Amino acid sequence: EEVIYILQGRGRVVIDGNPETVEPGTAIYLPVGSEHSTINESDEVLKWIFCFSPKVVVGSYDRR
């Protein structure tokens, strides 16, 4: 599981093919096994914080 919280910028998060608009204050829940990507659609840097459960080393998870 993963939770992302948008701090700055505007854009989209695509979860299992479904786009969702994001902006500061948006929280996104990503269930285990969901495919997702983040797209910056603003002139600002898109900044977010995230947490995983259970603990994951970023970049070490399996790719399909």
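Residue numbers count from 1 along this sequence. As a basis for the values below, the full set of heavy atoms in this structure was taken, side chains included, without hydrogen atoms, waters or symmetry mates. Predicted model only: the values in this text are computed from it and were never measured.
If you check the side chains of T38 and N40, you find no donor sitting under 3.5 Å from an acceptor.
Under a cut-off of 6.0 angstrom, the local environment of CG in D43 is sparse, with at most 12 non-hydrogen atoms contributed by other residues, nucleotides or ligands.
P19 and G17 get closest at one heavy-atom pair: CD-O, 3.4 Å. Considering all non-hydrogen atoms of both residues, L7 and P24 come closest at O-CB, 3.7 Å.
Of the charged side-chain nitrogens involved, none lies within less than 4.0 Å of a carboxylate oxygen, so that E20 and R12 do not count as a salt-bridged pair.
The side-chain heavy atoms of E1 and F52, taken from C-beta on, include no pair separated by under 4.5 Å. In this structure the side chain of R10 reaches within 4.5 angstrom of the side chain of E23, judged on heavy atoms.
In this structure, F50 is not a member of the same hydrophobic cluster as V3, with clusters built from ILVMFWY side-chain heavy atoms closer than 4.5 Å.
One finds the CD1 atom of I4 at 5.0 Å from the NE2 atom of H36 (value rounded to the nearest 0.5 Å). In this structure, CD1 in I28 is found 11.0 Å from OG in S34, a value given to the nearest 0.5 Å. Atoms CD and CH2, from Q8 and W48 in turn, are 11.5 Å apart once rounded to the nearest 0.5 Å.
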Is there a side chain to side chain contact (heavy atoms under 4.5 Å, CB included) between T26 and Y5? Walk through the geometry before answering. CA-CA 6 Å; T26 302; Y5 183 79; over 6 Å; no
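In the hydrophobic clustering (ILVMFWY side chains linked at under 4.5 Å, chained through shared members), I39 is joined by V14.
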